[in-house]
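Structure, as structure tokens:
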Amino acid sequence: MIDALLRSDAASPSEGPTGTAGDAERPSSNVAPSSDDATWWRQAVVYQVYPRSFADADGDGIGDLAGIRSRVPYLQRLGVDAVWLSPFYPSALADGGYDVDDYRDVDPRLGTLADFDALVYALHGAGIRIIVDIVPNHTSNRHVWFIEALASPRGSAARDRYIFRDGSGVDGQEPPADWTSAFGGPSWEPVGDGQWYLHYFATEQPDLNWDNREVRDDFLATLRFWADRGVDGFRIDVAHGLAKELGENLPDQATLDSLPRAGGHPLWDRDEVHEIYAEWRQVFDSYSPPRTAVAEAWVESSRRPRYASPQGLGQAFNFDLLEASFDASVFRRIVEENLALAAESGSSTTWVLSNHDVVRHPTRYGLPDPDDPAEKRGAAWLLSGGADPVLDADLGLRRARAATLFVLGLPGSAYLYQGEELGLQEVVDIAPDERQDPAYFRNPGVDVGRDGCRVPIPWTTDGESFGFGDAAAHLPQPSWFGELSVAAEERDDASTLSMYRAALALRRELETDEELVWVDSPDAVAHFRRPNGWEVATNFGDTACPLPAGDVVLSSGPLEDGRLPGATTVWLRA
């Protein structure tokens, strides 16, 4: 039955042009598909590409823009509506590209601006839009502004673009406060003249001063630069962190941790941040159709609608499922809460199961289910080297496939992370000298970091890097990657890749108003109906239950006669 349900030809549009760097014209040739559709993003499927780990065209072991362009036919056949590119800017990779040297250029290891234009041309030609990452909380320490700041005296205009403070103690030899960075270690760094700069993340990522008009104007220019090149939208990194109010007397770390993050915290989610995004919205709305944006804002749920409002960024990530156990009541509650928040903002909600910062969901769902949030369980498993607790990879994949079909049936937009369509597990066996994430080096024995979800994805069953490129990949790939490669899964109608392709094709066919109605079900089942009679039922339990009435059009796994097995989702037409 599963072979019939997972029709590999259901999502096989003709392959579009890949283009070349020489034939890209800017910006007229980069007009988005269906450019009159200003609401395309509301129920879009967006595929996140981590550029250095997607495809390597020049054989240096690092993914690049030409490599991504070579895979546009794959993305088209997968059936996604948009691609979100994680940072591709010049960077020393102190934080995987989120330490940006120049916001209006391409890292030469990844290509050129002409390569970027060619990629936009190819994606648009295939009917796929493009979203790029903007990192406004901090620059890199190699940014021209920061180099100028270090060469300038205290009180200078150059230093005012960042957050500098006089040190404490004799001659400013002690930090202004005992704050700890997100990656471990102190978050204040001395510059040798009695002053220190704030870096909430890596030392190489100095925080910008968003009270400075020059900073605000420069980012407005950056948004226009990429929008003029055909970019359809922006993902805003650390969107809740730009506005800060430090004052003369800085609190200590214990006090800082105790302060509520709801409008009045010195560092996070201050109300003033929305003044910044109101200006950004004016830029977005000056284009036709308006450019979109989505906020990465780790804030209390009640604060999320303002980021997602039409006067602000327009959409905000809902990360609740990243920490949720595989449980029907938990999923139902998260859905209800986030649809209500979306209605409050006038936006649509977003659904995320994996991304470049968290343990992949097939692994999370294969770990035992104590009270700790799923992501904490994943972190503990990584610290043990994958030994404790014991991973049930088969169960994790069944649950991941079921959760994916559940999410893809919901109203709102779905964000997929590269490789999840292959059912990739987290890579745990990375040697210390091969790791790259600063969290690993700054928090030894506490945080293994995020390298395991950033390992380059496999395209072929064998080869130096499983088809990623002609050389070994920049992060080591495990031997089992070959059996989960694109080439292997394309030959299997029951593979995870085949399921994703079928689901995305059917989603377009069945897509309807952004509403759902819950259907009475057993406690372990979450069952909802969309307005056009499309129904989604997931058995989150371990034992089979009666299959709901209706014609089954897709299933995440084999079905029993008249019964819905545990860890399985079905799509039905009533």
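Position 1 is the first residue of the sequence, and the numbers go up from there.
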Review point. Ring centroid separation for Phe225 and Tyr103, is it under 6.0 angstrom?
Key: no
Check your understanding: Would Asp232 and His124 count as having a side-chain donor-acceptor pair, cut-off 3.5 Å?
Key -> yes
Exercise for review: Return yes if a side-chain donor-acceptor contact under 3.5 Å exists between Thr139 and Tyr162, otherwise no.
Suggested key: yes
Review point. Do Asp437 side-chain atoms and Arg450 backbone N/O form a donor-acceptor pair below 3.5 Å?
Key: yes
Exercise for review: If a pair satisfies salt bridge (Lys or Arg N to Asp or Glu O under 4.0 Å) and one of its residues is in residues 276-294, list it, with sequence neighbours excluded.
Suggested key: Arg213-Glu279, Arg281-Asp285
**Study point:** Pairwise salt bridge (Lys or Arg N to Asp or Glu O under 4.0 Å) hits with a residue in residues 175-186, at least two apart
**Key:** none
**Study point:** Short N-O contact, Asp81 and Arg42, less than 4.0 angstrom
**Key:** no
Exercise for review: Look at Glu300 together with Arg261 and state whether they make a salt bridge at an N to O cut-off of under 4.0 Å.
Suggested key: no
Students often mix this up, so state it plainly: with edges at 30° and 60°, are the rings of [X] and [Y] parallel, tilted or perpendicular?
X	Y	answer
His356	Tyr417	tilted
His138	Phe201	tilted
Tyr415	Trp84	perpendicular
Phe317	Phe319	parallel

Study note, to complete from the structure: Paired with Leu475, the side-chain contact (heavy atoms from CB on, under 4.5 Å) test is passed by just one of Gln436, Glu434, Arg52, namely Gln436
Check your understanding: For atom CG of Asp271, is the number of surrounding heavy atoms from other residues, nucleotides or ligands below 6.0 Å larger than 12?
Key -> yes
Check your understanding: Does CG in Asn249 sit with more than 12 non-hydrogen atoms of other residues, nucleotides or ligands closer than 6.0 Å?
Key -> no
Exercise for review: Compare all side-chain heavy atoms of Val72 with those of Leu119 and state whether any distance is below 4.5 angstrom.
Suggested key: yes
